[in-house]
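Computation of the quantities below employed the complete heavy-atom set of this structure, encompassing side-chain atoms and omitting hydrogens, waters and symmetry-equivalent molecules.
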Amino acid sequence: MQEIIEQVLDYLKGIWIKRRYLMISTWIICPIGWLFIAQLDDVYESEAIVFADTQSILGPLLKGITVETNTEAQIQLMVKTLLSRSNLERITRMTDFDVRVKNDKEYELLIDSLKEDIIIKKTGGKRQNIFKISFEDKDPEMARDVVQAVLTVFIETTIGENRNDSDSAQKFLTTQINEYESRLLAAENRLTDFKQKYNDVLPNQYGGYYQKLTVAKEQLKGIELGLLETQTQLKSAKAQLPDKNTEKSQAPDSIKNNNSIETTYDERITELETSLDSLLVRYTEKHPDIIEIKNRLAHLKKQRSDEIDKYLETSTDENANYSLSQSPVTQGILMQINQLENQVASFTVRAENYRKEVADLESKIHILPEIEAELVALNRGYNITKEKYEELLTRRETAQLAKQADDSNSKIKFNVIEPPRAPAEPTGPKRILLTIVMLFLGLGAGTALSLLVSQINPVVTSGSQVSRLTGIPIFGVVSASEHLGLQKWHKKKTLIFIISNILLLILLAAFLAYALYPEAIKAPLRRIF
């Protein structure tokens, strides 16, 4: 700690030895700065205070019916956008401020200066919409005119913005409704085309893809089992036929009448016709189930006709050749064989049909995830578009009602509490503050310069400093004798430094007096010069 104190003292001694740089710096910086401050033009500040009343009588009555606009946020937004370029250009035209400029460059500088110098701030607390508008200028009349122009633009823009917002909202909603209507129709068409394209795998009233595949496999399994059972019965029936040499008899004449012959298809045909009549009551003839039943009826009727014809042909041939099949037992077995053969043919056709259906469904299983994902995406897009469309319709009706309410009564009213006035006394510049700041600036720059020179060209001021620099212990110090003249020279430099500072303080007092009483000092100077 002691070393730090000694080092600081060495720095101060070095500054004191090089104090001439401090004196030179203050005499260069301070007078020039004070003179510049004294030459600054007076500025006059004009201000106005306005109150924005956002309490409307219709507000509570229309709550929940119309669009509830945030008037507080609207005013804050208008305050932030008040100093836009278009508004600033309008202010320059209203106050003839643009007459001061001569070219485009000066006009741009004028716009920038207005944006910085016009001050709008909220006063009176967060819940009170009281705004203070102020502006400074060399001309007090111009300062008042600018504040008045800003106040006018603020009020007119806020009121006009309400109407423009309402009209813009109506146009925007109408445009969006038309756009969403077109998008909704396009989404419906895409969804319809997609469902028609993949109707066989998409879920419907008969189930989804996997349910359809499971049902088809179960039906195929049942038909294949029935086919196997019928083939076994057919094989057993053929084994029961008697040998040709065992029995001969004539066939009765009644077998030639095919209307008296009963087949195995009669009961199934009756059941299908009953089901067809029941489905025709609920669906049209183009329904897939009705078409399937008709195809099965036609197939069964053809098999029944073939069975009867085959039976009659067999009976005729055997009667002609005196076959053993003319006996009633043989005829019954032959008829059973014919019926079983027809059943085998029917089961074979149906099995082949279901095999094709299962193969077709299984061939689409690898694209099923893509189809389902695309269907989900189409449904999601359609539902979102539909919800937005209905929401926009509701909002348009609400906006129309809000517009009618706004036309009958304005939500924001402005009361000018304090109108702008032309100030009689200047409000700036703050010459006293600037003069003192310039003094400290000169002293700081001089001190820094003296310290820098003392470090570049150091001077040893104490024995401890010599000891730190050389590493050699110091046992004593010998002072300079008077006949060398060093003490007189140092006293002379100190006196010059003191006189210089006194003169600088006198000059500072003169500038401070000018800052306090500028007119009292300017009057005699005008008479002299």
Side-chain angles (χ1 to χ4, degrees), residues 40-54 56 69-124 128-169 171 403 406-407 409-430:
L40 292 176
D41 295 329
D42 293 334
V43 293
Y44 297 86
E45 182 181 16
S46 180
E47 62 181 27
I49 300 177
V50 60
F51 170 64
D53 185 8
T54 59
S56 175
T69 58
N70 191 344
T71 54
E72 301 289 340
Q74 184 180 3
I75 292 176
Q76 293 297 331
L77 180 62
M78 291 307 304
V79 170
K80 293 180 180 180
T81 59
L82 180 60
L83 299 181
S84 62
R85 182 177 180 85
S86 59
N87 289 337
L88 291 174
E89 290 178 351
R90 182 182 174 187
I91 292 171
T92 58
R93 292 191 297 269
M94 294 172 64
T95 59
D96 293 333
F97 218 138
D98 52 353
V99 179
R100 294 184 177 183
V101 299
K102 298 179 181 179
N103 50 48
D104 294 339
K105 184 176 181 180
E106 292 182 358
Y107 184 74
E108 294 296 329
L109 294 175
L110 174 62
I111 295 295
D112 294 337
S113 64
L114 280 177
K115 188 173 183 179
E116 295 178 359
D117 295 339
I118 296 175
I119 299 175
I120 304 173
K121 60 182 180 179
K122 189 175 182 180
T123 60
Q128 296 180 1
N129 294 320
I130 300 177
F131 297 92
K132 179 181 178 182
I133 304 173
S134 60
F135 178 73
E136 291 183 349
D137 192 71
K138 301 175 184 178
D139 185 0
E141 302 292 335
M142 182 59 71
R144 179 199 60 194
D145 295 341
V146 170
V147 174
Q148 182 62 51
V150 173
L151 183 62
T152 302
V153 171
F154 178 46
I155 296 174
E156 292 180 355
T157 304
T158 305
I159 296 176
E161 190 69 20
N162 291 334
R163 299 190 181 122
N164 293 334
D165 287 345
S166 180
D167 295 338
S168 300
K171 294 179 181 178
K403 183 177 182 299
D406 290 339
D407 293 339
N409 186 19
S410 178
K411 291 185 177 180
I412 303 175
K413 295 181 180 180
F414 292 92
N415 297 323
V416 179
I417 299 175
E418 183 177 338
R421 294 185 179 87
E425 297 293 333
T427 56
K430 308 295 183 182

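- Within the structure, the salt bridge (Lys or Arg N to Asp or Glu O under 4.0 Å) test picks out the following pairs touching residues 108-121 (sequence neighbours left out): Arg85-Glu108.
- With sequence neighbours left out, Glu47 forms a salt bridge (Lys or Arg N to Asp or Glu O under 4.0 Å) with Lys132.
- Residues Lys138 and Asp42 have side chains not in contact (no heavy-atom distance under 4.5 Å, counting atoms from C-beta outward).
- Proximity of Phe154 to Ile120: side-chain heavy atoms (C-beta onward) are nowhere separated by under 4.5 Å.
- Interatomic distance, Ile133 CD1 to Leu151 CG, rounded to the nearest 0.5 Å: 5.0 Å.
- In this view, Ser84 and Ser86, Asn87 satisfy the side chain to side chain donor-acceptor pair (under 3.5 Å) rule, not counting sequence neighbours.
- The side-chain heavy atoms of Ser46 and Phe135, taken from C-beta on, include no pair separated by under 4.5 Å.
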Check: residues 140-147 side-chain donor-acceptor pairs under 3.5 Å, at least two apart:
| from | atom 1 | to | atom 2 | distance (Å) |
| --- | --- | --- | --- | --- |
| Glu141 | OE1 | Arg144 | NH1 | 3.1 |
| Glu141 | OE1 | Arg144 | NH2 | 2.7 |

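- For Arg100, the salt bridge (Lys or Arg N to Asp or Glu O under 4.0 Å) partners two or more places apart in sequence, or in a different chain, are Asp137.
- Considering CD1 of Ile111 and OG1 of Thr92, their distance stands at 5.0 Å, rounded to 0.5 Å.
- Val50 is not listed as a side-chain neighbour of Ile417, based on a closest heavy-atom distance of 4.5 Å or more.
- For Phe97, there are no ring pair (Phe, Tyr, Trp, His ring centres under 6.0 Å) partners two or more places apart in sequence or in a different chain.
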